[in-house]
A.B. asks: 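What follows is a single structure, and I will ask about it in a moment.
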Amino acid sequence: MMEEKLNFSYLFGSNAPYIEELYEAFLVDPNSVEDKWKQYFTDLTKLPGATDVDVAHAPIRESFANLAKTKSTAAIAGNVDEAMLKNRLACCV
C-alpha cells in the first residue's frame with residue numbers, strides 16, 4: 001500500500017524535475033520559493049539522516065558533462081594525458 005502511494009506521489013514521475021528545480025532554487029535562496037515549499041524543504045532537514053548542508057545537483061551534473069566532453073574531444077584529437085586521466089578517475093571512484 002505504501003509503495004503504491006509513493007509511486008503516485010506528486011513528488012515523483014513527471015513532477016520530479018520541477019520539484020528538483022524548486023529545491024535547487026531553495027538551496028540558493030530559501031525566499032525564492034513559495035512559503036509552502038520553503039516550509040516543506042526546511043522540514044526535510046529535520047528528518048533523521050538529513051545532512052546539515054545540501055548542495056545543488058545541477059552544477060555537479062554539468063561538471064560531469066563538461067568532463068565527458070573534454071575527454072571525448074581530447075581522445076578524438078589524440079591528446080589524452082594519461083596521468084591526468086588517471087588522477088581524475090581516481091578521485092571519482
Side-chain angles (χ1 to χ4, degrees):
M1 178 80 164
M2 186 61 122
E3 185 174 324
E4 185 177 311
K5 286 186 184 257
L6 284 176
N7 289 334
F8 294 104
S9 169
Y10 63 92
L11 297 174
F12 296 98
S14 61
N15 287 335
Y18 172 71
I19 303 299
E20 185 172 5
E21 189 176 306
L22 280 177
Y23 183 61
E24 292 197 0
F26 168 81
L27 290 174
V28 172
D29 177 12
N31 295 317
S32 68
V33 298
E34 292 180 33
D35 288 340
K36 65 181 180 179
W37 284 110
K38 181 179 177 180
Q39 186 62 50
Y40 179 81
F41 295 138
T42 300
D43 290 345
L44 286 178
T45 63
K46 300 173 186 170
L47 294 174
T51 61
D52 292 336
V53 178
D54 201 357
V55 295
H57 294 163
I60 296 168
R61 283 193 303 268
E62 186 177 323
S63 68
F64 275 108
N66 289 336
L67 181 61
K69 288 176 189 175
T70 302
K71 285 182 186 177
S72 297
T73 304
I76 291 169
N79 296 329
V80 176
D81 181 346
E82 292 294 327
M84 179 194 73
L85 189 58
K86 286 179 183 177
N87 284 340
R88 284 191 176 178
L89 290 174
C91 77
C92 301
V93 176

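These figures come from a predicted structure and were not determined experimentally.
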A.B. asks: Any salt bridge linking D35 with K38? Criterion: basic side-chain nitrogen under 4.0 Å from a carboxylate oxygen.
C.D. replies: no

A.B. asks: Would a 4.5 Å heavy-atom cut-off, applied to side chains only, mark W37 and I19 as touching?
C.D. replies: yes

A.B. asks: So, for I60 and S63, which heavy atoms are closest and what is the spacing to 0.1 Å?
C.D. replies: O-OG, 2.8 Å

A.B. asks: Within the structure provided, determine whether Y40 and V33 are in side-chain contact (heavy-atom separation under 4.5 Å).
C.D. replies: no

A.B. asks: In this structure, would L27 and L47 fall into the same cluster of hydrophobic residues linked by side-chain contacts under 4.5 Å?
C.D. replies: yes

A.B. asks: When rounded to the nearest 0.5 angstrom, what is the spacing between CG in D29 and CD in E24?
C.D. replies: 14.0 Å

A.B. asks: Can you confirm whether E20 is buried at CD, in the sense that more than 12 heavy atoms of other residues, nucleotides or ligands lie under 6.0 Å from that atom?
C.D. replies: yes

A.B. asks: Which heavy-atom pair separates A25 from S32 by the least distance, and what is that distance?
C.D. replies: O-OG, 3.2 Å

A.B. asks: Let me confirm one number: the CD-CZ distance from Q39 to F26, rounded to the nearest 0.5 Å.
C.D. replies: 9.0 Å

A.B. asks: What distance separates L44 CG from Y23 OH, expressed to the nearest 0.5 Å?
C.D. replies: 6.5 Å

